[in-house]
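Report on the structure given below.
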2 protein chains.
Amino acid sequence: MKWSLRIDRGYNMLINGIEYKSVWWEDGSVCLIDQNLLPFAFQVVKLNDFPQVIKAIRDMTVRGAPAIGAAGAFAMALAVIAAPDDKFRSSIRLAHDQIIAARPTAIDLNNGVSYVYENALRFIPDNGHCRQVAVLAATEFVDRSEHDCRILGAIGEPLIPDGARILTHCNAGALATVDWGTALAVIRVAHRKGKRLFVYVSETRPRLQGARLTAFELQQEGIEHAIITDSAAGYYFWKNEIDLMITGADRICLNGDIANKIGTYDKAVLAKEHKIPFYVAAPQTTFDLACMNGKHIPIEYRSPEEITRFGDCQLSNPDSPAFNPAFDITPARLITAFITSKGIFKPKEAAHLIHKAIEN
Amino acid sequence: MKWSLRIDRGYNMLINGIEYKSVWWEDGSVCLIDQNLLPFAFQVVKLNDFPQVIKAIRDMTVRGAPAIGAAGAFAMALAVIAAPDDKFRSSIRLAHDQIIAARPTAIDLNNGVSYVYENALRFIPDNGHCRQVAVLAATEFVDRSEHDCRILGAIGEPLIPDGARILTHCNAGALATVDWGTALAVIRVAHRKGKRLFVYVSETRPRLQGARLTAFELQQEGIEHAIITDSAAGYYFWKNEIDLMITGADRICLNGDIANKIGTYDKAVLAKEHKIPFYVAAPQTTFDLACMNGKHIPIEYRSPEEITRFGDCQLSNPDSPAFNPAFDITPARLITAFITSKGIFKPKEAAHLIHKAIEN
């Protein structure tokens with residue numbers, strides 16, 4: 001786990017006092033912290049071929065838009081390494097399509113896979129060089145994503161007042177990214193600067209990323225917080241006990257609309273009703289230059305069993321169907337600002353500034 | 001179970017084809033359908049003294065504002081029956097206070113217990129007569145609550161268009177009342193009139209009354225529906241797939257503010273944002289003539305373990321606290337109309353019409 005231990009830098013995700021990334025490359029394999037087991041067990045999974053990574057993305061062993069972007073980039077590198085010389089081009093094309101299809105909503109996956117694929121493609125027919133480039137490109141993509149999160153934390157920190165009571169949703173922490181987090185990077189930096197904070201963590205049904213992962217990260221960091229049901233956000237807005245809301249995103253469109261975990265839209269409407277700022281923090285990998293607005297974002301529907309069952313237990317009426325959209329769309333008009341590594345953008349500036357940011 | 005079998009009337013709650021009430025009086029005992037076991041097991045609980053009923057209200061063996069009002073009225077009758085002659089007045093006063101304290105938010109409990117208590121009190125020192133009156137008063141209160149629900153279903157039905165896609169929250173069905181339901185009474189009548197309906201059932205964390213009980217009642221009735229997470233309501237509003245929202249209430253104030261299951265406020269704000277009507281259906285037992293507005297309603301905080309655990313399973317980060325408010329307040333301005341047995345009221349008419357309704 002040599003890539004994960006960087007205790008000299010003193011600022012990364014801490015798990016029981018040891019620094020980790022959520023995704024890293026090690027000896028020709030992709031390593032992931034198993035996020036389905038956390039916080040009840042800590043286990044690193046080592047994956048040696050891209051179909052294993054696809055499975056890990058699908059079953060949410062790794063989740064969070066920037067983290068699956070990183071896993072996808074490394075998966076693409078594994079696919080390029082393993083592609084047979086006699087059908088190299090068609091193999092890597094097929095792998096590209098299969099990895100991207102693992103989950104449809106977060107654009108980071110597409111961005112990561114395509115970045116590696118396109119860089120590798122440039123050196124055909126020198127397949128050996130393609131393979132080296134694929135690993136380099138994946139590493140570059142992942143490092144840039146991590147770098148973005150580190151920077152946006154520092155950029156967003158002044159938006160958090162001392163004493164702030166913050167609402168977040170799902171997990172936009174180090175686990176959801178390569179490291180640092182998006183929303184949690186901002187919160188982490190504010191905390192480390194000595195600001196007193198309280199975070200309302202909405203549990204995030206059906207898979208409880210808030211209750212399991214965000215609560216875990218905040219506890220590891222020593223940030224005061226409490227878990228609430230997804231339905232309780234309105235009550236705390238109504239009591240004037242939320243000063244700001246901050247989340248990550250799974251995709252940011254040119255017009256500033258976003259896709260994020262189901263329930264983000266509900267809370268964004270509440271924030272607007274109560275005139276409370278709503279910030280969206282994201283690395284460059286989450287921007288989609290090809291997507292004009294939120295109506296064009298494909299929404300993933302996951303298995304109804306995520307809602308109706310927990311482990312071996314039936315939770316709901318056995319003969320009733322369930323619908324399980326995993327994401328929703330929040331229109332730009334409900335977003336106060338984007339916090340990115342290139343600065344803080346108003347949603348209206350998104351198209352221009354996103355283009356500029358990506359070009360740099 | 002002779003009180004529960006009334007197959008000749010053909011319109012009550014059906015459980016596997018047999019008609020039931022959720023609460024009834026039988027041979028000097030209070031009978032309840034155990035709502036913690038449903039829909040996985042069907043069991044009738046027979047309680048012989050008022051402390052047992054208090055326990056059943058507290059642990060939600062019986063829940064739903066009108067249903068706990070009915071259980072409370074019968075519990076008060078049990079207390080009057082059991083009160084020793086030598087300290088009759090003080091015994092029934094103590095029981096009155098203890099039963100009301102079982103759960104603080106739903107006013108039906110207070111209304112039911114006080115109705116029985118005050119009627120019994122009138123005949124002191126003829127304690128024998130007090131005991132007879134207590135049973136009669138409880139039965140009258142419960143029958144009137146059931147009657148209200150039956151009538152309001154018919155009164156509200158014209159508000160439901162053919163083909164309506166309806167959002168409801170928690171369980172406002174026959175189980176939550178004595179019979180018929182409040183929100184579900186309206187839906188039930190519309191369905192039985194041949195209207196095509198689709199109901200989005202929000203699961204209602206932490207205790208899943210939507211996923212367990214509302215889904216069960218709708219399935220028993222043959223009404224098309226799907227369970228969604230509490231966070232998914234906004235997505236279906238955004239997709240223009242909800243035509244109206246209807247819930248019950250735990251307390252209705254003079255100014256038209258209501259308390260209802262946590263998450264009602266969130267969805268009411270969404271309904272307003274999308275210009276979708278939000279109806280609140282309730283029997284007279286849910287009106288609180290002493291409460292000026294929602295800020296005066298006490299909100300019950302239940303055990304954090306309802307959020308953090310499911311059966312033997314830990315759901316959330318073990319070292320993180322959770323806050324578990326069981327209800328929230330929805331201001332009158334977000335409510336399109338009240339559906340009651342006395343007619344359909346605009347919230348602004350609430351004070352006047354509620355007074356008039358109660359006086360009748």
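In what follows, every heavy atom counts, from backbone to side chain, and hydrogens, waters and symmetry copies are set aside. All figures in this text were calculated on a predicted structure; none of them were measured in a lab. By convention in this document, chain letters (A, B, ...) are assigned in the order of the sequence lines, proteins followed by strands, and residues within each chain are numbered from 1.
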Exercise for the section: Give a yes or no on this: more than 12 heavy atoms of other residues, nucleotides or ligands lie within 6.0 Å of atom NZ of B:K295. Expected result: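 Atom NZ in B:K295 is not packed in, count stays at 12 or less.
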Exercise for the section: Report, as yes or no, whether the 6.0 Å neighbourhood of atom CG on B:D319 holds more than 12 heavy atoms from other residues, nucleotides or ligands. Expected result: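 Yes, because the 6.0 Å sphere around CG of B:D319 holds more than 12 heavy atoms from other groups.
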Problem - Non-neighbouring partners of B:E221 that pass side-chain hydrogen bond (donor to acceptor under 3.5 Å, both in side chains), sequence neighbours left out - result: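 Testing B:E221 for side-chain hydrogen bond (donor to acceptor under 3.5 Å, both in side chains), a comparison that skips the adjacent residues, returns B:R188, B:R192.
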Exercise for the section: Tell me, out of B:V269, B:T264, B:D328, who's got the most heavy-atom pairs with chain A below 4.5 Å. Expected result: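 The option with the most such pairs is B:V269.
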Handout entry: Closest-packed option against chain A by number of heavy-atom pairs under 4.5 Å, given B:P39, B:A233, B:P321, B:G263
Key =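 Winner by heavy-atom pair count: B:P321.
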Please name the pair of heavy atoms, one in [X] and one in [Y], separated by the smallest distance, quoted to 0.1 Å.
X	Y	value
A:S231	B:D230	OG-CB, 3.3 Å
A:Y265	B:H274	OH-NE2, 2.5 Å
B:L270	A:D266	CD1-OD2, 3.3 Å
A:I227	B:S316	CD1-CB, 3.6 Å
A:S320	B:H225	OG-NE2, 2.6 Å

Handout entry: Heavy-atom contact with chain B under 4.5 Å, split by part of A:L315
Key =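 The answer is both parts of A:L315.
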Exercise for the section: For the residue pair A:I329 and B:W238, establish whether any side-chain heavy-atom pair is separated by less than 4.5 Å. Expected result: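 With C-beta onward as the side chain, the pair touches.
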Exercise for the section: Tell me the residues of residues 197-207 of chain B whose non-hydrogen atoms fall below 4.5 Å from those of chain A, in number order. Expected result: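 From residues 197-207 of chain B, the residues near chain A are B:F198, B:Y200, B:E203, B:R205, B:P206.
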Exercise for the section: State which residue, out of A:E217, A:Q219, A:R212, fulfils the side-chain contact (heavy atoms from CB on, under 4.5 Å) condition with B:N317. Expected result: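 For B:N317, the side-chain contact (heavy atoms from CB on, under 4.5 Å) test succeeds with only one of A:E217, A:Q219, A:R212, which is A:Q219.
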Pick one of side chain, backbone, both or neither for [X], based on which atoms fall under 4.5 Å of a heavy atom in chain A.
X	result
B:I228	both
B:F323	both
B:K261	neither

Problem - Residue-level contacts of residues 296-307 of chain A with chain B, using a heavy-atom cutoff under 4.5 Å - result: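 A:I299, A:Y301, A:I307 fall under the 4.5 Å cut-off.
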Handout entry: Interface residue of largest heavy-atom contact number with chain B, from A:F237, A:Y236, A:F327, under 4.5 Å
Key =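 Highest number of heavy-atom pairs under 4.5 Å: A:Y236.
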Practice task
Output all residues satisfying ring-ring contact (aromatic ring centres under 6.0 Å, His included) with B:Y235, sequence neighbours left out; order by chain, then residue number.
Solution key: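 B:Y235 satisfies ring-ring contact (aromatic ring centres under 6.0 Å, His included) with no residue once adjacent residues are dropped.
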